[in-house]
Amino acid sequence: PMGLPEFRLELDGLVEEPVTLAWDDLLSLPRARVFADMHCVTRWSRLGNLWEGVLARDVLANVRLRPEARFAMVYG
């Protein structure tokens, strides 16, 4: 498995200038807590989950999206 020193989050595609965030960069972003329910297509649910981490909008604040950008792809 990848260790944290090798972690990279690349923000590229329809952006004005690509940006790469290291693990410490990601940790420096604001953290948020979100309560949400999870519903699966196989007909089970888990209610009242607490999710904690960095919001996508705070990650995307590091790049200027081009006007034609409509979707995001995440690869892991």
Side-chain angles (χ1 to χ4, degrees):
M2 180 182 2
L4 295 183
E6 293 86 21
F7 176 89
R8 295 289 179 267
L9 177 60
E10 295 178 5
L11 308 171
D12 60 11
L14 293 176
V15 297
E16 294 298 328
E17 187 172 328
V19 172
T20 299
L21 300 176
W23 182 251
D24 289 339
D25 299 325
L26 197 60
L27 290 181
S28 72
L29 296 175
R31 295 182 66 81
R33 287 185 170 185
V34 176
F35 286 95
D37 298 335
M38 181 186 293
H39 304 287
C40 182
V41 296
T42 61
R43 305 186 89 159
W44 60 266
S45 294
R46 181 177 166 119
L47 306 177
N49 300 287
L50 173 61
W51 302 83
E52 186 172 346
V54 177
L55 297 174
R57 71 172 171 237
D58 293 329
V59 172
L60 290 175
N62 288 278
V63 294
R64 288 187 323 271
L65 297 175
R66 292 159 118 189
E68 62 269 25
R70 297 285 182 259
F71 304 97
M73 297 291 294
V74 179
Y75 300 95

Would you tabulate the side-chain donor-acceptor contacts of residues 26-38 under 3.5 Å, counting partners in other chains and residues two or more places apart, or write 'none'?
{"unit_1": "Ser28", "atom_1": "OG", "unit_2": "Asp25", "atom_2": "O", "d": "2.6"}
{"unit_1": "Arg33", "atom_1": "NE", "unit_2": "Glu52", "atom_2": "OE1", "d": "3.3"}
{"unit_1": "Asp37", "atom_1": "OD1", "unit_2": "Gly48", "atom_2": "N", "d": "2.8"}

Could you pull out every donor-acceptor pair under 3.5 Å between side chains of residues 55-62 and any protein atom, sequence neighbours left out?
{"unit_1": "Asn62", "atom_1": "ND2", "unit_2": "Asp58", "atom_2": "O", "d": "3.3"}
{"unit_1": "Asn62", "atom_1": "ND2", "unit_2": "Val59", "atom_2": "O", "d": "3.0"}

(message) If the condition is side-chain hydrogen bond (donor to acceptor under 3.5 Å, both in side chains), which residues does Arg70 pass it with, not counting sequence neighbours?
(response) none
(message) Restricting to side chain to side chain contact (heavy atoms under 4.5 Å, CB included), what partner residues turn up for Arg66, sequence neighbours left out?
(response) Leu14, Glu16, Glu68
(request) Could you work out the complete set of other residues in the hydrophobic cluster of Met73, with links drawn between I, L, V, M, F, W and Y side chains under 4.5 Å apart? (result) Tyr75
(request) Report the hydrophobic cluster partners of Phe71, with the cluster defined as I, L, V, M, F, W, Y residues connected by side-chain heavy atoms closer than 4.5 angstrom, directly or transitively. (result) none
(request) For Leu47 and His39, run side-chain contact (heavy atoms from CB on, under 4.5 Å): C-alpha distance rounded to whole Å, both residues' side-chain angles, the deciding distance at 0.1 Å, then the answer. (result) CA-CA 8 Å; Leu47 306 177; His39 304 287; 3.9 Å; yes
(request) Name all residues meeting the side-chain hydrogen bond (donor to acceptor under 3.5 Å, both in side chains) criterion together with Asp24; count only those two or more places apart in sequence or in a different chain, and write none if there are none. (result) none
(message) Connecting only ILVMFWY residues whose side-chain heavy atoms lie within less than 4.5 Å of each other, what is the rest of Val41's hydrophobic cluster?
(response) none
(request) Determine which pairs satisfy ring-ring contact (aromatic ring centres under 6.0 Å, His included) with at least one residue from residues 12-34, sequence neighbours left out, and list them in order. (result) Phe7-Trp23
(request) State which residues pass side-chain hydrogen bond (donor to acceptor under 3.5 Å, both in side chains) with Trp44; sequence neighbours excluded, sorted by chain then number. (result) Thr42
